[in-house]
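Data block below; observations after.
Everything quoted here is computed from the prediction, not taken from an experiment. We number each residue from 1, following the sequence as shown.
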Amino acid sequence: MDTKNNYLKYIAIALVVVFLITGALVFIKIWDAAQGKFTTENPEDSVLSYKGEEYILNDEIETFLVLGLDKYSGKSVSDSHGSGVQADFLMLLVLDNENKQSTAIQINRDTMVNINKLGIGGVKTESLYKQIALSYDYVTDDNDKMRCGNVKTSVEELLGGVKIDHYVALTMDAVSAINDIVGGVELTVLEDFTSIDESLVAGEKVTLNGKQALEYVRVRYGLEDSTNKSRMQRQQQYINALYEKSVSLVQSDDTFIVRLADALDEHIVFDSSNSRMKKYAEKFDEYEFLGIKNIEGETEIGEEFIEFYPDEESLKEIVIDLLYIPKEQQK
């Protein structure tokens with residue numbers, strides 16, 4: 001398979017697994033207590049202490065931030081923050097090159113964290129304690145890569161300064177495009193969606209069309225449970241079902257990769273070259289996917305929006321488990 005098709009294969013498999021749909025640590029409170037443990041200054045050289053053990057960053061790990069943008073392809077956002085476009089879906093794909101495994105961490109878009117507000121030219125003007133999803137919106141320039149980079153910075157802070165290698169983002173209508181290319185996705189409806197679509201009855205097995213798929217993974221207001229946690233459960237269910245369908249098609253239909261890549265072309269933004277994307281394609285095709293991890297925490301109704309405050313221990317355990325190794329194992 002040539003370079004172009006290897007790149008397309010990445011789109012067909014890797015992005016499907018960490019599928020983009022539109023829609024942490026209580027950073028200020030914990031930051032003081034975490035000094036010396038989680039630091040943004042040269043984290044590669046730092047040692048993280050946890051429960052009497054010392055850990056260092058695993059240099060066999062590569063990370064890939066996947067974003068689902070709450071906008072449609074071809075639609076420009078305004079040239080100032082307040083456009084309303086947010087990163088409604090955030091997932092970090094962790095590739096373990098030594099063990100040839102991959103794991104995903106889903107990040108609640110309501111997570112409260114320090115985010116940067118960027119002025120003209122990407123100059124930081126101030127730091128705000130907001131939902132992590134707003135990082136995409138708080139950029140003056142209408143520049144997708146600058147906006148995605150700002151979200152990446154916020155996720156790095158959430159993880160204690162661990163640097164993320166790359167990002168990839170898709171617009172919300174990619175959901176419908178992918179869903180229809182695979183011929184619909186079958187699943188059992190997790191909650192009552194009849195107020196949105198009369199055919200989506202809780203407990204019923206259905207094959208979602210593109211419009212239904214987008215609603216199923218994006219809608220939360222108007223449902224009995226309007227929290228993002230409930231929506232994240234539906235997103236994970238959909239990801240798993242879509243992954244199985246897509247892998248089957250990759251293996252059985254020689255035209256699937258090209259058709260899917262063509263459908264996604266106008267929806268995607270990434271910060272890497274085609275050759276590097278090819279490298280990730282080959283790795284992800286080879287590596288064992290271990291599933292999706294969630295950061296536990298508490299959801300509260302804030303003055304303006306719903307706010308998610310991650311549990312400190314849950315966050316630390318996930319960060320250490322996937323990104324660090326015991327210092328004594330250092331090669």
Legend entry - salt bridge (Lys or Arg N to Asp or Glu O under 4.0 Å) partners of Glu300, counting only residues at least two apart: none

Legend entry - Note: Arg231-Asp110 ion pair, threshold 4.0 Å (strictly below): no

Inset, instruction - State, yes or no, whether a side-chain contact exists between Ile120 and Asp141 at a heavy-atom distance under 4.5 Å. - result: yes

Legend entry - Cluster overlap Phe305 with Met112, hydrophobic side-chain contacts below 4.5 Å: no

Inset, instruction - With the side chain counted from C-beta on, respond yes when Tyr136 and Asp144 share a heavy-atom pair under 4.5 Å apart, and no when they do not. - result: yes

Inset, instruction - Determine the minimum heavy-atom distance between Ser314 and Asp311, stating which atoms define it. - result: N-OD2, 2.8 Å

Legend entry - Crowding at CD, Glu198 (>12 non-hydrogen neighbours, <6.0 Å): no

Inset, instruction - Please say which of Leu93, Asn97, Val94 ends up in a side-chain contact (heavy atoms from CB on, under 4.5 Å) with Glu62. - result: Asn97

Legend entry - Non-hydrogen side-chain atoms of Lys152 and Cys148 separated by less than 4.5 Å: no

Inset, instruction - Please answer whether the main-chain N or O of Val217 pairs with a side-chain N or O of Gln235 as donor and acceptor at a distance below 3.5 Å. - result: yes

Legend entry - Close side-chain approach of Val201 to Val189, heavy-atom, < 4.5 Å: no

Legend entry - Val162 vs Tyr324 side-chain heavy atoms within contact, under 4.5 Å: yes

Inset, instruction - Please name the pair of heavy atoms, one in Leu159 and one in Leu323, separated by the smallest distance, quoted to 0.1 Å. - result: CD1-CD1, 4.4 Å

Legend entry - Separation between CG of Asn240 and CG of Leu187, rounded to the nearest 0.5 Å: 10.5 Å

Inset, instruction - Taking all heavy atoms of Ala213 and all of Tyr238, pick out the closest pair and write down the distance. - result: CB-OH, 3.5 Å

Inset, instruction - Report yes or no: does Thr111 contribute a side-chain atom to a donor-acceptor pair with the main-chain N or O of Asn108 at less than 3.5 Å? - result: yes

Legend entry - Donor-acceptor under 3.5 Å (Ser176 side chain, Gly210 main chain): yes

Inset, instruction - Output the distance between atom CG (Asn228) and atom CD1 (Ile107), rounded to the nearest 0.5 Å. - result: 12.0 Å

Inset, instruction - Using side-chain hydrogen bond (donor to acceptor under 3.5 Å, both in side chains) as the criterion, list what pairs up with Gln101, not counting sequence neighbours. - result: none

Legend entry - Any side-chain heavy-atom pair of Val168 and Leu67 under 4.5 Å: no

Legend entry - Working for side-chain contact (heavy atoms from CB on, under 4.5 Å), residues Leu158 and Leu315: CA-CA 9 Å; Leu158 176 66; Leu315 179 60; 4.3 Å; yes

Legend entry - Distance (rounded to the nearest 0.5 Å) between Glu60 CD and Leu95 CG: 12.0 Å

Legend entry - Any residue meeting side-chain hydrogen bond (donor to acceptor under 3.5 Å, both in side chains) with Asn58, in chain and number order, not counting sequence neighbours: none

Legend entry - Set of side chain to side chain contact (heavy atoms under 4.5 Å, CB included) partners for Lys293, sequence neighbours left out: Thr103, Ile318, Asp321, Leu322

Legend entry - Contacts of type side chain to side chain contact (heavy atoms under 4.5 Å, CB included), residue Gln212, not counting sequence neighbours: Asp197, Ser199, Leu200, Leu208, Asn209

Inset, instruction - Indicate, with yes or no, if Val185 and Ile196 share a hydrophobic cluster defined by side-chain heavy-atom contacts under 4.5 Å among Ile, Leu, Val, Met, Phe, Trp and Tyr. - result: yes

Legend entry - Set of side chain to side chain contact (heavy atoms under 4.5 Å, CB included) partners for Lys130, sequence neighbours left out: Ile115, Leu128, Leu134, Tyr138, Glu304

Legend entry - Close side-chain approach of Glu53 and Ile320, heavy atoms under 4.5 Å: no

Legend entry - Partner set under side-chain hydrogen bond (donor to acceptor under 3.5 Å, both in side chains) for Thr255, not counting sequence neighbours: Asp253, Arg259

Legend entry - Point-to-point distance, once rounded to the nearest 0.5 Å, from CG of Leu118 to OG1 of Thr140: 7.5 Å

Legend entry - Pairs meeting criterion salt bridge (Lys or Arg N to Asp or Glu O under 4.0 Å) with involvement of residues 199-215, two or more places apart: Lys211-Glu215

Inset, instruction - Considering non-hydrogen atoms only, spot the tightest contact between Ser102 and Phe289 and give its length. - result: OG-CD1, 3.3 Å

Legend entry - Exam field: side chain Thr153 to backbone Gly149, donor-acceptor pair closer than 3.5 Å: yes

Inset, instruction - May I ask you to decide if Ala202's main-chain N or O and Asp192's side chain share a donor-acceptor pair within less than 3.5 Å? - result: no

Legend entry - Shortest non-hydrogen contact from Phe64 toward Tyr167: CE2-C, 3.8 Å

Inset, instruction - Answer yes if Val66 and Met232 sit in the same cluster of Ile, Leu, Val, Met, Phe, Trp and Tyr residues linked by side chain heavy atoms under 4.5 Å apart, and no otherwise. - result: no

Legend entry - Donor-acceptor contact present, side-chain Glu288 to main-chain Asn99, <3.5 Å: no

Legend entry - Asn294 side-chain N/O to Glu296 backbone N/O, donor-acceptor pair under 3.5 Å: no

Inset, instruction - Please list all pairs passing the ring-ring contact (aromatic ring centres under 6.0 Å, His included) test where one or both residues lie in residues 168-219, with sequence neighbours left out. - result: Phe193-Tyr216

Legend entry - With Lys100 via salt bridge (Lys or Arg N to Asp or Glu O under 4.0 Å) - residues at least two apart: Glu286

Inset, instruction - Calculate, to the nearest 0.5 Å, the distance between atoms CD and CD belonging to Glu298 and Glu307 respectively. - result: 13.0 Å

Inset, instruction - Spell out, as yes or no, whether a donor-acceptor pair under 3.5 Å connects the side chain of Arg109 to the backbone of Asp88. - result: no

Legend entry - Side-chain ion pair, Lys245 and Glu186, N-O less than 4.0 Å: no

Inset, instruction - To the nearest 0.5 Å, tell me how far Leu249 CG sits from Ile181 CD1. - result: 10.0 Å

Legend entry - Donor-acceptor contact present, side-chain Ser226 to main-chain Leu223, <3.5 Å: no

Inset, instruction - Would you please name every residue forming a side-chain hydrogen bond (donor to acceptor under 3.5 Å, both in side chains) with Thr299, sequence neighbours left out? - result: none

Inset, instruction - State, with a plain yes or no, whether a side-chain heavy atom of Phe89 is found less than 4.5 Å away from one of Arg218. - result: no

Inset, instruction - Please confirm whether the backbone N or O of Asp165 pairs with a side-chain atom of Thr63, one donor and one acceptor, at under 3.5 Å? - result: yes

Inset, instruction - Sequence neighbours left out, what passes side chain to side chain contact (heavy atoms under 4.5 Å, CB included) with Ser127? Give chain and number order. - result: Asn114, Asn116, Lys124

